[in-house]
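Heads up, the thing below is written out as C-alpha cells.
Values reported hereafter were calculated over all heavy atoms of this structure, with side chains retained and with hydrogens, waters and symmetry mates removed.
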Amino acid sequence: MRQYQRTLRTPAPPSRKTTIGLPTVGYALIVDGQTKTEFTTQDHALKVARELKARFPMLQIKVYDAENKRTEKTELAVA
C-alpha cells in the first residue's frame, strides 16, 4: 500500500495593496466596487470619473460624497 505524504497548505500572504475605505470628508472614486482615489472637490472627482469612463466604458464607476453619504453613478454621455 502506498503512503502519501501530506503537505500543509499555508494561506496566501495578504495583498500588498492597501484598501482605502470610504472617506469621512470629501469625495471618493469607486471603480467596480473598490475605492480608488479621494478628492477634495466634487468637480474634480466627476471630471476624473467621466474621463475614466470614456477610456474604459466597461467599468462601473461611481463618485461617493462623504458629506451626504451618497454615490453617483457615472454614465457615458450620449453623442
Side-chain angles (χ1 to χ4, degrees):
M1 197 172 210
R2 285 187 179 172
Q3 289 185 348
Y4 294 98
Q5 183 180 13
R6 285 190 171 178
T7 58
L8 295 176
R9 292 188 181 206
T10 57
S15 175
R16 291 185 184 245
K17 289 190 225 176
T18 57
T19 305
I20 301 172
L22 292 175
T24 55
V25 294
Y27 301 87
L29 189 66
I30 302 173
V31 180
D32 287 342
Q34 295 185 356
T35 307
K36 297 295 182 181
T37 309
E38 295 181 21
F39 300 94
T40 54
T41 64
Q42 183 180 20
D43 292 336
H44 191 220
L46 290 173
K47 179 183 175 194
V48 171
R50 282 188 222 109
E51 289 172 356
L52 193 59
K53 187 69 173 182
R55 289 181 59 202
F56 305 101
M58 71 297 247
L59 294 178
Q60 181 184 22
I61 300 173
K62 296 179 181 179
V63 175
Y64 175 74
D65 179 358
E67 184 178 324
N68 297 321
K69 295 184 176 26
R70 294 184 183 188
T71 58
E72 182 179 330
K73 192 172 183 179
T74 304
E75 298 290 335
L76 284 177
V78 179

For T41 and Y27 the tightest heavy-atom approach is C-CD1, 3.5 Å

Looking only at heavy atoms, which two atoms of L76 and K53 are closest? And how far apart?
CD2-O, 3.5 Å

Any side-chain heavy atom of E72 within less than 4.5 Å of one from Y64?
no

Other residues, nucleotides, ligands: >12 heavy atoms within 6.0 Å of E67 CD:
no

Checking side-chain contact (heavy atoms from CB on, under 4.5 Å) against T71, which of D65, L22, V63, I30 comes through?
I30

Which of L52, V48, L46 passes side-chain contact (heavy atoms from CB on, under 4.5 Å) with R50? Answer is L46

Nearest atoms (heavy-atom pairs only) where P23 meets A66
O-CB, 3.3 Å

What is the distance from atom CG of L59 to atom OG1 of T74, rounded to the nearest 0.5 Å?
11.0 Å

Quick check for you: to the nearest 0.5 Å, what is the distance between I61 atom CD1 and K73 atom NZ?
10.5 Å

